[in-house]
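Note sheet for the following structure.
Letters go in sequence order (proteins before strands), and every chain restarts at 1.
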Amino acid sequence: MSIERTYEEINEKIRQGKAVVVTAEEVIDIVAEKGLEQAAREIDVVTTGTFGPMCSSGVFLNFGHPTPRMRMQRIWLNGVEAYGGIAAVDAYLGATQLPETDPENKVFPGHFSYGGGHVIHDLVAGKEIRLEAISYGTDCYPRKKIETVITLNDINEAILFNPRNAYQNYNCAVNLGDRTLYTYMGILRPRLGNASYSTSAQLSPLLNDPYYKTIGIGTRIFLGGGIGYVAWHGTQHHPNVPRGENGVPTTPAGTLAVIGDLKQMSPEWLVGASYLGYGASLIVGLGIPIPILNEEILQYTAVKDEDIYCPIVDYSEGYPYKKSIDLGMVNYKELKSGFITINGKKVPTTPLSSYPKARKIAGILKEWIRTGKFELTKPVAPIPSAEADIEIKSLQERPVNGFNNRR
Amino acid sequence: MFKSRIVCFFSEAQSEQPIIYRLVKDFDLVINILKADINPRKQGYLVVELSGERKAYDAGVAFLKDLGVRVEPLSQTVIWHEDLCTQCGACTSFCPTGALNMNRETMEISFDNSKCVVCGMCLDCCPTRAIEVHFDLTPVGG
């Protein structure tokens, strides 16, 4: 008889310290050894993890009011501007924001040594941060200028809110051109000099639950070393893409918007990053537990690197100019071996996402659940899955002459 | 036979001297230049592997120091900060000598200083700047 479990039953076992929890790496051998049915009887939860650059990340901050009060209009943290077009003393600091003094790519390739991601890293590490803000002044908020030093402890709220994290699969990036490229996929050497990729593959959250049968709005997760939640599907979420027989998308597909309290998080799991010639970012640690509700869910979590394929994409012409150049597909076992073959050429592979750290996150989450510190949540609503009819739109350009429709 | 990798820093005047010639001719040292940036009337550096009799090696290094060349062991020049490293492994695909290496079983990174030739590729590709070099390898910015 096939096994069925509920979230409540799993949580009861967690509370009793009896839940059987394994990582998405460990589950592969267990299923191979014991078979799906027996393994499903034994395992309650499978934990996943990923630790890679996630540019669409940032933090909402509330600084508290100085005396007299101030409606902070423009705000800088260590010289990096945070968006102030929301309520007084609230701001949103994005991971890729740069200081106005940054030379960017004026001397190419730029170094991007310090940006929003680094400020978030410094904040979560408890370091002192220089806060500057200006305003036009109002009767209720008379103050026009402030310069002070803050720490994470000094401010009211710091809420990490990342609109697009945990990409379900991604391109393998190469360069068919004749000069070195500096991209968000790292340095790409000319004439197929290397191939970069970014995922923890068999450990990655959405690759272990390809149809989002357990991951949805409200799912409690490991985020940046603390506890967070899935807030929504992420931007560019595109579940209706080609999938393999195992259900795993063979192109970039689903994404998650996630939220959590920065004050609980750790600088080990939110790390500022600089990509030569591209910009600043934030490396985010994220892990999601998957409740083994039945054999089907377990089957998905037993996915292996060799069963997950991604497209090889040229970043000299193909990606930036949207040209269709077929370079074939590659699986993550091949990518993780260090070399792949493209058009008969042996090409070294460049990882951007950390597999050892992904494994560590899955291990930490496993311990949290085993020791009763972390219970699972049933999604309050699902996110769109393969049957959705989502079209990723291109931005169309139209003539703007005479268009002045401000009111 | 003694072998060591050193970094020699030259002033403008010193870069006009035939220093390598003297090391070979007078001290009988085998010289393997790993990396160099020396230009007429400009300060520069040389990363070099010297091998020979221990006495000759010491005398050769003393000769360099007498000339006013700053000599530092290579091992103190390139430092991998394991605490800053996120273990992504990007550097290992650019490292030409395998000094930065990824264990394919565990996917963990290690750094073997003795294999490093200070090419500087890892400085460019490391997103967390976990590798530090104590002298400026790049002409702009560093």
Side-chain angles (χ1 to χ4, degrees), chain A residues 51-53 103 106-114 117-118 121 180 182 184-189 193-198 200-201 203 267-269 271-283 285 305 333 336-339 347-360, chain B residues 35 37 39 42 45 77-113 115-142:
Chain A
F51 189 63
K106 289 183 188 76
V107 178
F108 189 77
H111 283 75
F112 306 99
S113 300
Y114 198 84
H118 299 87
H121 190 190
T180 299
Y182 300 91
Y184 68 86
M185 291 298 284
I187 299 171
L188 299 174
R189 287 180 152 168
N194 64 319
S196 72
Y197 66 101
S198 186
S200 57
L203 268 171
E268 186 182 358
W269 301 114
V271 180
S274 306
Y275 290 91
L276 192 72
Y278 178 70
S281 187
L282 185 69
I283 300 174
D305 286 335
K333 188 180 184 183
K336 280 167 73 181
S337 75
F339 289 92
V347 180
T349 60
T350 305
L352 298 177
S353 165
S354 172
Y355 193 80
K357 295 279 186 180
R359 183 192 290 131
K360 193 172 171 187
Chain B
K35 189 176 175 72
D37 182 12
N39 302 287
K42 268 181 147 180
Y45 69 87
T77 311
V78 180
I79 298 169
W80 173 53
H81 292 283
E82 205 172 343
D83 54 327
L84 294 177
C85 174
T86 64
Q87 301 272 333
C88 72
C91 56
T92 63
S93 71
F94 292 100
C95 181
T97 64
L100 284 156
N101 184 48
M102 183 183 247
N103 175 328
R104 292 287 156 187
E105 286 292 306
T106 63
M107 301 300 279
E108 283 167 3
I109 315 305
S110 60
F111 178 54
D112 179 353
N113 215 315
K115 290 184 182 167
C116 174
V117 294
V118 207
C119 70
M121 266 316 292
C122 53
L123 304 181
D124 288 345
C125 66
C126 178
T128 60
R129 306 277 157 87
I131 300 155
E132 190 186 339
V133 172
H134 282 280
F135 61 96
D136 198 12
L137 282 172
T138 46
V140 182

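Considering CG of L276(A) and SG of C126(B), their distance stands at 11.5 Å, rounded to 0.5 Å. The CZ atom of R129(B) sits 13.5 Å away from the OH atom of Y114(A) when rounded to the nearest 0.5 Å. One finds the OH atom of Y275(A) at 10.5 Å from the SG atom of C125(B) (value rounded to the nearest 0.5 Å).
For Y197(A), the part lying under 4.5 angstrom from a heavy atom of chain B is the side chain only. Looking at S196(A), neither its backbone nor its side chain comes within 4.5 Å of chain B, counting heavy atoms on both sides. Both the backbone and the side chain of I187(A) come within less than 4.5 Å of a heavy atom of chain B. Heavy atoms closer than 4.5 Å to chain B are found in the backbone of S353(A), but not in its side chain.
The shortest heavy-atom contact between P356(A) and T106(B) is CG-O, 3.9 Å. In plain terms, the two heavy atoms of K336(A) and R104(B) that are nearest each other are O-NH1, 2.7 Å. S93(B) and T349(A) get closest at one heavy-atom pair: CB-O, 3.3 Å.
Contacts with chain B were tallied for P348(A), S113(A), A358(A); S113(A) has the most, counting heavy-atom pairs under 4.5 Å. Ranked by non-hydrogen atom pairs under 4.5 Å with chain B, the options G117(A), A273(A), G277(A) are led by A273(A).
Residues N194(A) and F94(B) form a side-chain contact, since some pair of their non-hydrogen atoms from C-beta on lies under 4.5 Å apart. Side-chain contact between M102(B) and P351(A): present, with at least one pair of heavy atoms (C-beta onward) separated by less than 4.5 Å. In this structure, the side chains of Q87(B) and F51(A) stay at 4.5 Å or more apart for every pair of heavy atoms.
A distance-only check finds a donor-acceptor pair linking the side chain of S354(A) to the backbone of T86(B) [under 3.5 Å].
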